[in-house]
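So the structure is just underneath, and the comments pick up after that.
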Amino acid sequence: MATRSSPINLKPETVNTPIVIAIDGPSASGKSTNSRLIAKGLGYAYVDTGAMFRAFAWFCLKRSVNVHDSTAVAAELRDWNATLECVDGQVRLLVDGYFPEKEIRTAETSAAVSPIAAVLEVRMWMKEAQRSCVKFGNLVMEGRDIGTHIFPETPLKFYLDASAEERSRRREAEGVKDDLAARDQRDSTRATAPLKIAADAIVINNAGETPQQTSERMLTEIRRLMAERK
Ligand code: DC
């Protein structure tokens with residue numbers, strides 16, 4: 001993507017364009033907790049792109065679409081009435097004006113989200129919607145391809161990780177039923193925008209750390225990168 005048309009700017013005092021902090025990593029790698037802490041600490045809007053994919057998976061399930069039929073899934077994009085809003089610093093995707101907060105976290109939605117997230121048309125729709133979030137100001141955006149595909153031009157990229165065992169333990173502790181290994185395998189091997197580490201991402205393995213420790217480490221790196229570019 002051409003940097004000339006980039007919405008990213010690390011000198012907000014000179015040019016008034018939003019800063020984007022990209023946070024990627026596998027399931028249960030601490031993206032949500034740390035992204036929220038960092039967004040709060042910096043006063044940026046928080047965008048959970050997984051929730052956007054989940055909302056579309058929920059919509060497809062509600063309409064009894066076979067989520068493994070990519071043509072049928074792509075056709076649903078024409079029918080869904082989705083809008084973005086930012087409430088209390090959190091960007092949410094509404095479907096027909098409704099935010100399906102609980103519905104997107106069920107085991108059924110979790111199982112359906114990986115196949116729909118592999119559909120090219122869905123990813124194109126999501127990319128446009130996710131890039132449009134700069135209308136809400138500076139962002140902390142978490143997902144699987146934020147640093148590699150959505151905002152590759154941002155120099156503020158993180159890749160969070162922890163061992164598969166540790167990540168499964170975290171999900172169990174949350175009481176969430178989720179086949180992490182299967183989802184990670186699909187998300188990392190799909191043809192379009194698979195989960196991978198951006199060449200210039202800061203990789204943080206946060207096993208054994210508290211979210212406060214991890215987010216502090218990340219904020220230190222953010223301050224360092226911002227100071228370097230002033
Ligand atoms: O972060 P999460 O577990 O809520 O994400 C749900 C699914 O959405 C995940 O299995 C992969 C997909 N996803 C994606 O492909 N790209 C993103 N930027 C975010 C999520």
Side-chain angles (χ1 to χ4, degrees), residues 1-12 15-25 27 29-59 77 80-101 103-105 109 113 116-117 119-160 187 192-193 195 198 200-201 215 218-219 222 225-226:
M1 189 160 298
T3 45
R4 220 176 302 147
S5 61
S6 160
I8 309 299
N9 166 52
L10 282 173
K11 294 179 181 170
V15 187
N16 197 18
T17 50
I19 296 169
V20 176
I21 299 172
I23 303 184
D24 292 303
S27 310
S29 57
K31 298 187 301 293
S32 301
T33 312
N34 288 295
S35 298
R36 281 176 206 277
L37 285 170
I38 288 166
K40 201 160 177 228
L42 296 173
Y44 292 8
Y46 163 63
V47 191
D48 174 358
T49 61
M52 296 171 71
F53 283 95
R54 285 170 178 273
F56 184 60
W58 168 73
F59 176 79
L77 288 167
W80 89 318
N81 169 27
T83 45
L84 287 164
E85 67 169 17
C86 185
V87 176
D88 294 334
Q90 291 199 29
V91 176
R92 313 190 303 186
L93 186 73
L94 308 183
V95 184
D96 288 324
Y98 172 66
F99 177 47
E101 189 172 12
E103 295 89 333
I104 61 174
R105 302 290 163 196
T109 307
V113 68
I116 73 103
V119 177
L120 176 64
E121 291 84 349
V122 174
R123 299 211 73 86
M124 285 163 58
W125 191 97
M126 290 292 168
K127 180 171 183 172
E128 195 179 331
Q130 289 159 12
R131 283 189 67 88
S132 80
C133 289
V134 292
K135 67 185 173 207
F136 300 118
N138 296 333
L139 304 174
V140 176
M141 183 175 282
E142 62 139 310
R144 302 294 190 289
D145 63 339
I146 311 308
T148 51
H149 285 91
I150 307 301
F151 286 107
E153 66 273 40
T154 182
L156 301 172
K157 297 186 179 83
F158 291 91
Y159 186 94
L160 298 190
D187 295 340
T192 317
L195 169 67
D200 55 343
S215 60
M218 294 169 79
L219 281 166
I222 292 164
L225 285 165
M226 285 182 165

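- For the atom pair CD of Gln130 and CE of Met141, the computed distance is 5.5 Å after rounding to the nearest 0.5 Å.
- In summary, the aromatic rings of Trp80 and Trp125 are positioned with their centroids under 6.0 Å apart.
- Residue Asp88 places its CG atom among 12 or fewer non-hydrogen atoms of other residues, nucleotides or ligands, all under 6.0 Å distant.
- For Thr83, the side chain to side chain contact (heavy atoms under 4.5 Å, CB included) partners two or more places apart in sequence, or in a different chain, are Leu94.
- Checked by atom type and distance alone, the side chain of Arg131 pairs as donor or acceptor with a backbone atom of Ile150 at under 3.5 Å.
- Not a single donor-acceptor pair under 3.5 Å links the side chain of Thr109 to the backbone N or O of Trp58.
- Taking OG of Ser35 as the reference point, atom CZ of Phe158 lies at 10.0 Å (rounded to 0.5 Å).
- The main-chain N or O of Gly147 is found under 3.5 Å from a side-chain atom of Asp24 such that the two form a donor-acceptor pair.
- With sequence neighbours excluded, no residue forms a salt bridge (Lys or Arg N to Asp or Glu O under 4.0 Å) with Lys31.
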From CA spacing to verdict: side chain to side chain contact (heavy atoms under 4.5 Å, CB included), Ile19, Leu139 | CA-CA 6 Å; Ile19 296 169; Leu139 304 174; over 6 Å; no
When the side chains of residues 41-48 are checked against the rest of the protein, which donor-acceptor pairs come out under 3.5 Å, sequence neighbours left out?
| residue | atom | partner | partner atom | Å |
| --- | --- | --- | --- | --- |
| Tyr46 | OH | Glu142 | OE2 | 2.5 |
| Asp48 | OD1 | Gly50 | N | 3.1 |
| Asp48 | OD1 | Ala51 | N | 3.1 |
| Asp48 | OD2 | Arg105 | NH2 | 3.1 |

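- Side-chain atoms of Lys157 never come within 3.5 Å of backbone atoms of Ile21 as a donor-acceptor pair (strictly under, hydrogens ignored).
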Pair Val95-Asn81, side chain to side chain contact (heavy atoms under 4.5 Å, CB included): steps then yes or no = CA-CA 6 Å; Val95 184; Asn81 169 27; over 6 Å; no
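- Looking only at side-chain heavy atoms (C-beta outward), Leu93 and Glu85 stay at 4.5 Å or farther from each other.
- No salt bridge links Lys127 with Glu121; every basic N to acidic carboxylate O contact stays at or beyond 4.0 Å.
- Annotation: side chain of Thr192 is not in contact with side chain of His149 (no heavy-atom distance under 4.5 Å).
- Remark: Asp145 engages Arg123 in a salt bridge (Lys or Arg N to Asp or Glu O under 4.0 Å) (not counting sequence neighbours).
- Residues Asn138 and Pro18 approach most closely at OD1-CA, 3.2 Å, considering heavy atoms.
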Dump the intermediate steps for side chain to side chain contact (heavy atoms under 4.5 Å, CB included) on Leu84 and Phe136, then the final yes or no.
-> CA-CA 10 Å; Leu84 287 164; Phe136 300 118; 4.1 Å; yes
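- Applying the salt bridge (Lys or Arg N to Asp or Glu O under 4.0 Å) test to every pair with at least one member in residues 32-41, sequence neighbours left out, gives no pairs at all.
- For Asp187, the salt bridge (Lys or Arg N to Asp or Glu O under 4.0 Å) partners two or more places apart in sequence, or in a different chain, are Arg144, Arg190.
- When each of Thr49, Leu156, Asn34, Ile38 is paired with Ile23, the side chain to side chain contact (heavy atoms under 4.5 Å, CB included) condition holds for Ile38 and for no other.
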Are Tyr159 and Leu195 close enough, and set up right, to give a side chain to side chain contact (heavy atoms under 4.5 Å, CB included), and what steps lead you there?
-> CA-CA 10 Å; Tyr159 186 94; Leu195 169 67; 3.7 Å; yes
